[in-house]
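Down below is the structure, laid out as structure tokens.
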Amino acid sequence: MSSLLHLSTVLRACALLLGLLCGSSCAGATPVPVSAQSIAMDSLRQLLTHSRPDTDRVVLLCQLSDQLWTQNTDSAAVYALQALSLARLIRYRHGEGEALNRLGAALRESNLARALEVFQQSLRIAETTRDQALVAQNLRSIGIIYVYLRDQRRGLSYYFRALQIGEQLRDEHRVVIELSNIGLAYDLFNRLDSARLFQERAYVLARRLHTPTNYILYGLGNVARKEGRVTEARAFYRESIRESKKVHHLRSLNFAYVGLATLYRQMGLSDSSIYYARLGCQAAQTNGFLRGVLNASTLLTHDFKARRQADSALKYQGIMLVMKDTLFGQEKVMHLQNLNYREQQRAQEAAASQAALKVRFRTYGLLAGVVGLLALALLLGRHARQQQRAREALEQSLAELKATQEQLVQREKMAFLGELTAGIAHELQNPLNFVKNFAEVSTSLVDEITGERRDPNRNASLEQEILVGLKQNLQKISQHGQRATSIIKGMLEHSRTGTGQRVATDLNNLVDESLRLAYHGLLTKDKDFTAQLTTIFDPALPTVPVVAQDLGRVLINLFTNAFYAVQQRQYQYPDPTYSPEVTVTTRAVPGSVEIRIRDNGTGMSEAVRARIFQPFFTTKPVGEGTGLGLSLSHDIVTTGHGGTLTVVSQEGEGTEFLIVLPT
């Protein structure tokens with residue numbers, strides 16, 4: 001009993017420490033400095049290993065999700081899902097609302113529609129439990145989504161409601177965040193006077209509270225840049241970068257880098273613009289901040305096109321296209337708009353229910369006589385007319401929504417089609433140029449033997465050399481033709497993702513079948529190759545709703561890469577003690593399942609790991625890979641199934657891929 005009391009006391013002390021360091025107990029709060037943050041996270045993880053599955057553990061998981069949100073959104077989502085599962089299991093309503101808010105913050109970059117739905121669920125719980133702090137946090141989170149969608153009226157409405165609650169609670173740390181968010185929204189809509197006013201208010205209050213000002217400095221830099229105050233803008237951006245590095249906040253670091261790159265681009269300093277845009281892209285990719293990757297890659301695409309550096313322009317254009325498709329794909333736009341419509345319909349139904357309740361109470365007072373009955377009839381008639389007008393208004397809103405949706409989808413489709421066509425044409429040009437050049441050289445070689453230039457004095461040795469060269473050219477033509485075919489096949493596979501229906505599936509059977517298929521496929525190409533296959537399957541693994549065909553493609557691709565890695569290590573670094581091995585593990589965790597695929601092959605360097613999920617990036621020789629397999633696999637797991645796909649690797653020792661799927 002004494003140890004439990006001690007754990008509870010330490011937990012509350014740690015929570016108080018985090019509250020003082022962060023300035024807020026909600027996702028999106030100002031982060032702590034790296035040293036303090038590391039100490040806090042280590043303390044939280046230590047407490048987590050000893051905590052019981054109760055409300056204190058839910059709070060710990062939410063706090064860990066908070067700390068990881070500024071560094072890696074995938075990790076933040078994992079802790080948020082664990083907190084949500086435990087809170088629902090023990091029926092801890094406040095903890096469920098907090099966990100939903102953290103999950104929405106982690107999902108906001110990859111699935112706006114799902115994030116909005118989760119925030120609205122959290123908001124309803126907060127309103128039911130009368131938790132004003134959580135209400136304000138969800139209002140701010142929903143406002144961010146509408147600002148993303150350029151809905152100025154609705155986004156600012158949610159921001160100001162959150163600010164009002166913060167002022168009522170007298171929570172000055174929360175007020176700083178709300179003021180800065182409002183300033184950033186006004187900046188986005190080019191209302192510079194209002195943007196400067198709110199950012200300056202936020203800056204004065206933050207300095208008084210001694211809290212970081214990294215976001216505020218970025219906002220002030222944007223206003224100064226747009227007003228032509230170059231020197232002040234550069235100073236604000238650089239100070240924001242310094243503070244962001246100090247508190248290890250990768251999102252605000254991305255904002256400041258991209259802002260500084262935009263400033264240098266306006267000044268005509270393209271080298272500096274490219275340098276800072278690349279730093280911004282790297283910070284956003286590390287954090288999983290897709291919108292930051294989109295902004296940086298868009299800037300880099302335009303800069304490299306202006307400098308006529310086609311390869312670099314194509315690289316960042318490919319990243320830009322993937323980010324656009326993830327953030328603004330047709331299905332997500334439709335889902336989000338339908339979700340907005342359902343939320344409006346729910347609000348109107350609630351208002352209609354309240355109106356009907358008022359009519360009912362009035363009716364009780366009018367039952368005394370004929371006058372009461374006549375009045376009731378008039379009220380019912382009026383109510384019927386109001387219902388008719390409301391129904392007509394709803395039908396008109398739905399028609400306008402569908403028309404707007406069709407226009408938006410068509411516009412995005414045409415823009416994507418032009419950019420995608422240019423990217424594919426450039427990618428196919430290289431192998432086709434090789435085919436053309438080798439064909440021309442082969443024609444010349446044939447002329448040397450049979451054409452007019454043939455030496456009348458037959459030289460058998462020369463003809464033999466020409467035939468050998470001709471054979472090599474034909475092999476090169478075949479090799480690059482296969483390369484073009486692989487690229488087209490990979491693009492077709494990208495276009496087919498997400499078309500199947502999810503069905504409850506036994507993942508142990510699916511993983512085992514995929515492992516055998518990949519292994520026997522390799523044996524057909526290299527009969528001398530052998531590897532040890534180790535499977536550790538969780539017998540209590542629940543069935544999971546997945547598209548078995550798509551997930552099978554992911555598993556076969558990961559297994560094929562693992563076999564390739566151990567095969568390369570065996571051939572490139574002969575060692576009689578080395579034994580190729582691929583290990584597969586499945587495990588059930590609260591709210592999700594894990595699939596781990598580990599090999600003891602060549603491993604990957606840090607530079608390769610950073611780009612491993614980018615389209616068209618491959619470490620295999622020409623003709624052996626298109627660079628689309630892992631990109632496709634990541635898209636299927638994250639976008640198609642709402643899970644995560646991460647990699648841990650050490651060069652020369654091996655690689656481990658981890659798939660986490662929600663149950």
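Just so we're clear, the structure is a prediction, and the values are computed from it rather than from any experiment. Numbers here are sequence positions counted from 1. Keep in mind that the numbers below use all heavy atoms, side chains included, and drop hydrogens, waters and symmetry copies.
- Distance check: Ser244 OG to Tyr215 OH gives 8.0 Å after rounding to the nearest 0.5 Å.
- For Arg196, the salt bridge (Lys or Arg N to Asp or Glu O under 4.0 Å) test picks out Asp193, Glu227, with sequence neighbours left out.
- The stretch residues 207-225 participates, sequence neighbours left out, in these salt bridge (charged side-chain N to carboxylate O under 4.0 Å, His left out) pairs: Glu172-Arg208.
- Considering only residues two or more places apart in sequence or on other chains, Ser180 meets the side chain to side chain donor-acceptor pair (under 3.5 Å) condition with Gln199.
- Qualifying side-chain contact (heavy atoms from CB on, under 4.5 Å) partners for Phe160, counting only residues two or more places apart in sequence or in other chains: Leu156, Leu163, Ile182, Tyr186, Phe198.
- For Asp187, the side chain to side chain donor-acceptor pair (under 3.5 Å) partners two or more places apart in sequence, or in a different chain, are Asn222, Lys226.
- The line from CG of Leu658 to OG1 of Thr646 is 4.0 Å long, rounded to the nearest 0.5 Å.
- In this structure, the side-chain contact (heavy atoms from CB on, under 4.5 Å) partners of Ser297, at least two apart in sequence or on a different chain, are Tyr316, Ile319, Met320.
- For Arg191, the side chain to side chain donor-acceptor pair (under 3.5 Å) criterion is met by no residue, not counting sequence neighbours.
- Taking a 6.0 Å sphere around CD of Gln168, one finds it holds more than 12 heavy atoms contributed by other residues, nucleotides or ligands.
- The salt bridge (Lys or Arg N to Asp or Glu O under 4.0 Å) check on Glu239 picks up Arg242, with sequence neighbours excluded.
- Using modelled atom types, no side-chain atom of Arg201 and backbone atom of Leu197 make a donor-acceptor pair closer than 3.5 Å.
- Contact check on Glu117 versus Arg114 returns a salt bridge, with a Lys/Arg side-chain nitrogen under 4.0 Å from an Asp/Glu carboxylate oxygen.
- No side-chain heavy atom of Thr262 sits less than 4.5 Å from a side-chain heavy atom of Ser273.
- With sequence neighbours left out, Asp74 forms a side chain to side chain donor-acceptor pair (under 3.5 Å) with no residue at all.
- The main-chain N or O of Asn214 is found under 3.5 Å from a side-chain atom of Ser240 such that the two form a donor-acceptor pair.
- Separation of atoms CG (Leu61) and CG (Asp66) is listed at 11.5 Å; rounding is to 0.5 Å.
- Aromatic rings from Phe236 and Tyr203 are positioned such that their centres are separated by 6.0 Å or more.
- In this structure Glu232 satisfies the salt bridge (Lys or Arg N to Asp or Glu O under 4.0 Å) test together with Arg229, sequence neighbours excluded.
- Pairs engaging residues 274-288 under the salt bridge (charged side-chain N to carboxylate O under 4.0 Å, His left out) rule: none recorded [sequence neighbours left out].
- In this structure, the separation between NZ on Lys305 and CG on Leu300 is 12.5 Å, given to the nearest 0.5 Å.
- In this structure, Tyr158 and Arg140 have side chains that are not in contact, with every pair of non-hydrogen atoms separated by 4.5 Å or more.
- Applying the salt bridge (charged side-chain N to carboxylate O under 4.0 Å, His left out) test to pairs two or more places apart or on separate chains, none has a residue in residues 215-224.
- The closest side-chain donor-acceptor pair between Asn138 and Ser122 falls under 3.5 angstrom.
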